[in-house]
Structures are given as C-alpha cells and as structure tokens.
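The block underneath contains the structure these notes are about, expressed in structure tokens.
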Amino acid sequence: MSGPSSFIVLRRPFYGQLHPLPASHLLRRPTMGGRNKDISGTSGHQIPYIELGDDPHKPKTNYFASFCAIVASMSCILGGYDIGVMSGASIYIQHDFLISDVQVEILVGIVTLYAVIGAAAAGRTSDCFGRRFTMIVAAGFFFVGAILMGFAPNYAFLMSGRFFAGVGIGFGCLIAPVFIAEVSPTSSRGCLSTFPEIFANVGILLGYISNFAFSGYPTHLGWRFMLGIGIVPSVFLAAAVILVIPESPRWLILQGRIGEAKQVLIRTSDSIEKSLQRLADLKTIVGIPERCEDDIVQVPKQRSHGSSVWKELFLCPTPAIRHILITAVGVYFFAEATGMGAVVLYSPKIFEKAGILSSDHKLLATVGVGLVKTVFVLIATVLLDRVGRRPLILTSIGGQVISLIALGAGLTVIEKSDEQVTWAAGLCIAMVLFDVAFFSIGLGPMCYVSSEFFPLKLRAQGTSVGFITNSTMGAIVAMTFLSLYSTISIGGAFFFYAGIATVGWVFVYVVFPETRGLDLEDVEGLFGNLMWKFSVRDIKN
C-alpha cells in the first residue's frame, strides 16, 4: 500500500460486495474508554477500520418487512371501507327503512364505539396470544359483521351487524400499527408505519367507489351489496396472515422464544449485524442475559404478559411514560376532534350544502375526497423518514386550521345567501379537499406512527388507550355532527373544529418530539422533558 490515495478493499460477509475506501478516509473505532482507535498500515499511512455493523451505503429496502406491513395494514382497509361506504349507504338505508336523522347518526357513528370494545380487548389479546392471532380475530369479526349487514331485514338486525364490524375494526386498527412498528427496520419504520393510514384511505376510496358502482341498483339491494362486499378483504387478510406472515419478533422475545425471534429479525432488519444488535437490545429490555444462546428461555410472567402494564401506564408512571402517554393520546384525540370524521362521513351533505344536488354527483365528488386522501398519505409515506415526524404534523394541523376556517366561511356565505353563490361553492369544495389533504400528510398517519413511542412492554396496551380515545372522539363527532350544524349552523360547526385544531397545533408544538432515525428501543429516551431539539440531527450534536 503506498500513499494516502491507496485503497483497502474489505469483503463484508453479510453484503457479499467489495467496498473500496480511500486510506485517507478514516473510520475510527470506539473503545471502552470512549476514545477513538486508529489502525495504521505498514507504510505508516492510516488504514480505515470498518466496524462490523457499519455500512457506507444506504440500507437497501427490506421487501419482506414491507410485505409484512402491507398485509398487516389490510386490517385497516376494513375500517376505512366501512367509513367510506356508510357515507353513501346510509342515504339508501334511510330511504329503505324509513329511519330518522338521529337513527342515521347512531347507525353511522355507533361502529366507532363498538371499535372501543375491540381495541380494549385487542391490547390484552395481542399480549397473551400474539399479534398474528389478533389480526385473524379482527378479520373474523368483520367477516361476520359484513354478512349480517348485507342480509339485514330491519334496522335492529343491521345494528347487530354493526356491532361485529365495529369490534373487528377495533381489533384490526389497534394491532396493525403495533405489529408494523415491531417488525420494521429502523431505516424505514416511519414509512412503513404510515401503511395502515394508506390502507385505511384506500378502504375509504373503495367504499366511495362501491357507493357509486351500486347506486344504480334498486334501493333495497344497492346498500346490501355495498356493505356485504366487505367480506372480501377480511378473507384475504385471514388467509395472508395464516399462510405468510411471521409473528412479531418483539412479542416472541417476551415469550422467551429467542430462536424464532432471531430468525424473524434477520429477515426484517437492514442487515444481519443490525438484527443481532436489535436482538441484544431486546434481550436486555426483557431481562435475558445477552450471552444466552438458548432458543427457548423462561421469562418472568409479569414481563411476558404485562400484568403490571396498567400500573406503569396510569398509577405509577415514570416522567417519560407519562409524557409518552400524554403525547400519544393527544395525537389520537385531535385526529378526530378536528372533525375529519364529519368531513369524510358526511361529505355528501356538505357537497349538497355547497350546491351539488344530484345523488350521483355527490357520490362522485366523495370519490374525489378519497383520491385526495390516498394521494397525500402516499406523499407522507415518502416524507416521514426524510423530513421527519414533527415538521409534518405541525404543517398538517396548521393547514387544517386554515382550511376549516375557509370552509366555515364559505358555508356561512351560502347559508345566508338567497341565491347560489358560485365562488363560495367552489371555495367549499376546494377547502374540503385541502382539509383532507393536510390531515392525510401528517396528523392522520401520525396516529399509527405514535405506537413507536411506547416501550416494548407497554406498546400494545398503550396503543389501545390511544385508539380507544380516538374511537370515542370519532363516535362523538359522527353522532353529533348533524345535530351540531342544526344548532349552530354548518359553517359554525367547522369554525368550532377550527378552534379545536388551533389548540391541537399548540399541543403538538409543546409536547411532540422528533423520533426520525432512532431505533425503536431508543425512542423512550426522548421523553420525560420538553427541552428537545427540532430534529434528530440536532439531538446528536
């Protein structure tokens, strides 16, 4: 080797590639004392030492982890489809069963209350029986619900189908973000964690398309096809989980199944070195000696089944856990309290107020809402691991504030005018689309991403608390919107939501840290104080 421009070529055993590096490009090896150690060549020039886990290249996409995230997110299609399809099906159900507006509100909104039951049960179920089992339960409940709704002879029977569908939605929407956070590699966790929101929006879009496709059928048949076709994604989800998807490696560690967890981590990590590092970190968290190489070990019951979870969450939380709980629950709360459920569920009525009177045209306009939501969630997927969580959610809520104020103003002008105001109608339609776009680029996906905040032992139960809050608020919004706009006007209702969104922006600015680029086991360290930096780059400096 001669001169500083010489190269040393090292073959990396787990990448199978040759990586030439200039000898002048020093990589220093950290020692136990925190100092850096250089390795010198025979000619006196310093030769770079490459740590086993260091990769000078950006990690490649882990397609197996991405596939696991896609399948798990199928459970969120169920909830999204129900939201989308009920926006149109409720119109035909009201005509078929001759029910009142209050009964329509209950029919539409009650499913989110039933989802609370599913979410509450899902946290404990996933801790005891596994993440895969919980996804299968979700598919089973929704399958039964779709059949009951499709064949419902009356309102009461239809409500029983809503119960099963709601419980299934609760199970599915709770377990998807937990499983994805636990199976995703660090380099793409933010991206993959948005998949549930993407698939929820795909479900909403499919629900809108279903409304439009079956709107030409006789009234008593059209809505039955709209609701009954929901059995398709539930069957696919159950089959894919049973045949293809592995169990969460972090849940396997909690059960002491080290050998299985190691194999899953190898398949879902950025590299084998990274998988071994993650395995060592998980062993430490659970209390298993790092040098233990047994495939199956005994784990204390309180660690594996979360018997002290509620105590650690509510009764005796550490400052970090208290901060995590407030942040996650707050994000879930404001995601619904800002009125997105009202915009999605009652968009046909909003468009009717804006001057679109044809039923077909209203349903077609709702398809546009679904398309916008889906496109902007896909944009969020790209930006979360590049821009970061905090900038996106602040931009998202800020944009919602502006959109909701403009929407309220446009609807107020239309209501107070005796003739059609074209510019106000156009403004309302545009602001509905802007509102769902801003929501979908930040606040919406962040509900699912926030599952990464919780430490391993508390993740499923902590996420269930957030989802219960979200479902409860969703039910309140869905079941009060028609009454609210009858009381304070439809424009006043959106001014009200804009006020809540303003409070939400301040809340997020104060309590929400940046977690981009951190290993899942390191995220908890950001919480417990309000003196963080805006980005992970600043944190490392």
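- The environment of Arg322 atom CZ is dense: over 12 non-hydrogen atoms of other residues, nucleotides or ligands sit within 6.0 angstrom.
- Panel note: side chain Asp385, backbone Cys191; a donor-acceptor pair is recorded below 3.5 Å.
- When all heavy atoms of Ala69 and Phe195 are compared, the closest pair comes out as CB-CD2, 3.7 Å.
- For the residue pair Thr381 / Thr194, a side-chain donor-acceptor distance below 3.5 Å is found, with atom types taken as modelled.
- Residues Ile136 and Ile242 have side chains in contact (heavy-atom distance under 4.5 Å, counting atoms from C-beta outward).
- Of the inter-residue distances, the one linking Ile99 atom CD1 with Asn154 atom CG reads 11.0 Å to the nearest 0.5 angstrom.
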Legend entry - Candidate pair Asp127 and Gln461, rule side chain to side chain contact (heavy atoms under 4.5 Å, CB included), full reasoning: CA-CA 8 Å; Asp127 281 345; Gln461 304 282 39; 3.4 Å; yes
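- A donor-acceptor pair under 3.5 Å is formed between the side chain of Arg131 and the backbone N or O of Ser126.
- When every heavy atom of Glu105 is checked against every heavy atom of Leu482, the shortest pair comes out as OE2-CB, 2.8 Å.
- Partners of Phe97 according to the ring-ring contact (aromatic ring centres under 6.0 Å, His included) rule, which considers only residues two or more places apart in sequence or in another chain, are Trp223.
- In this structure, NZ on Lys373 lies 9.0 Å from CG on Asp435, to the nearest 0.5 angstrom.
- When side chains are defined from C-beta on, Arg459 counts as touching Arg250, because their heavy atoms get closer than 4.5 Å.
- Between Ala380 and Leu392, the shortest heavy-atom distance links the atoms O-CD1, 4.3 Å.
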Inset, instruction - List the steps and the verdict of side chain to side chain contact (heavy atoms under 4.5 Å, CB included) for Leu279 and Ile258. - result: CA-CA 8 Å; Leu279 180 64; Ile258 308 299; 4.2 Å; yes
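- To the nearest 0.5 angstrom, Thr463 atom OG1 is 11.0 Å from Ile468 atom CD1.
- Because its NZ or CZ atom is both nearer than 6.0 Å to the ring centre of Phe64 and within 45° of the ring axis, Arg267 counts as a cation-pi partner of that residue.
- Here the CG atom belonging to Leu148 is positioned 13.0 Å from the CE atom belonging to Met159, to the nearest 0.5 angstrom.
- Of the possible donor and acceptor atoms, none in the side chain of Arg257 sits under 3.5 Å from a partner among the backbone N and O of Pro249.
- When side chains are defined from C-beta on, Leu107 counts as touching Tyr155, because their heavy atoms get closer than 4.5 Å.
- Looking at Tyr497, Phe507, Phe512 one by one, the single match for ring-ring contact (aromatic ring centres under 6.0 Å, His included) with Phe334 turns out to be Phe507.
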Inset, instruction - Starting from the C-alpha separation in whole Å, work towards a yes-or-no answer on side chain to side chain contact (heavy atoms under 4.5 Å, CB included) for Phe454 and Val523. - result: CA-CA 8 Å; Phe454 292 98; Val523 170; over 6 Å; no
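- The minimum heavy-atom distance linking Val372 with Ala437 is given by the pair CG1-CB, 3.8 Å.
- Counting heavy atoms from C-beta on, the side chains of Phe67 and Ile245 come closer than 4.5 Å.
- Side chains of Ser471 and Glu336 form no contact here, defined as non-hydrogen atoms less than 4.5 Å apart.
- Across every non-hydrogen atom of Phe467 and Ala115, the tightest pair is CE2-O, 3.9 Å.
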Legend entry - Val387 and Arg516: CA distance, side-chain angles, deciding distance, side chain to side chain contact (heavy atoms under 4.5 Å, CB included) verdict: CA-CA 8 Å; Val387 175; Arg516 176 174 62 96; over 6 Å; no
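- Remark: the backbone N or O of Ile180 is not paired with any side-chain donor or acceptor of Arg189 at under 3.5 angstrom.
- Taking every heavy atom of both residues into account, Glu524 and Ile321 meet most closely at OE2-CD1, 3.7 Å.
- Atom CG of residue Leu282 and atom CD of residue Gln277 lie 10.5 Å apart, to the nearest 0.5 angstrom.
- A donor-acceptor pair under 3.5 Å links the side-chain atoms of Ser451 to the main chain of Tyr448, judged by distance alone.
- Counting only heavy atoms from C-beta outward, the side chains of Ser440 and Asn201 approach each other to under 4.5 Å.
- Residues Ile117 and Phe163 have side chains in contact (heavy-atom distance under 4.5 Å, counting atoms from C-beta outward).
- A side-chain donor-acceptor contact under 3.5 Å links Lys283 to the backbone of Cys292.
- At least one side-chain heavy atom of Ser450 sits under 4.5 Å from a side-chain heavy atom of Tyr332.
- Judged as a side-chain hydrogen bond (donor to acceptor under 3.5 Å, both in side chains), the pairs with a partner in residues 66-86 (not counting sequence neighbours) are, in order, Tyr81-Ser210, Asp82-Arg162.
- Ring planes of Phe129 and Phe133: tilted class, angle from 30 to 60°.
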Legend entry - Worked verdict on Thr515 versus Glu452 for side chain to side chain donor-acceptor pair (under 3.5 Å): CA-CA 9 Å; Thr515 60; Glu452 72 182 8; 2.4 Å; yes
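- Here the straight-line distance linking atom SG of Cys68 with atom OH of Tyr63 works out to 15.0 Å at 0.5 Å rounding.
- In this structure a side-chain-to-backbone donor-acceptor pair under 3.5 Å is present from Ser271 to Lys274.
- In this pair, Phe171 and Phe141 present their aromatic rings parallel. The plane angle is below 30°, not in the 30 to 60° band.
- Judged by distance alone, the side chain of Asn62 and the main-chain N or O of Ala65 form a donor-acceptor pair under 3.5 Å.
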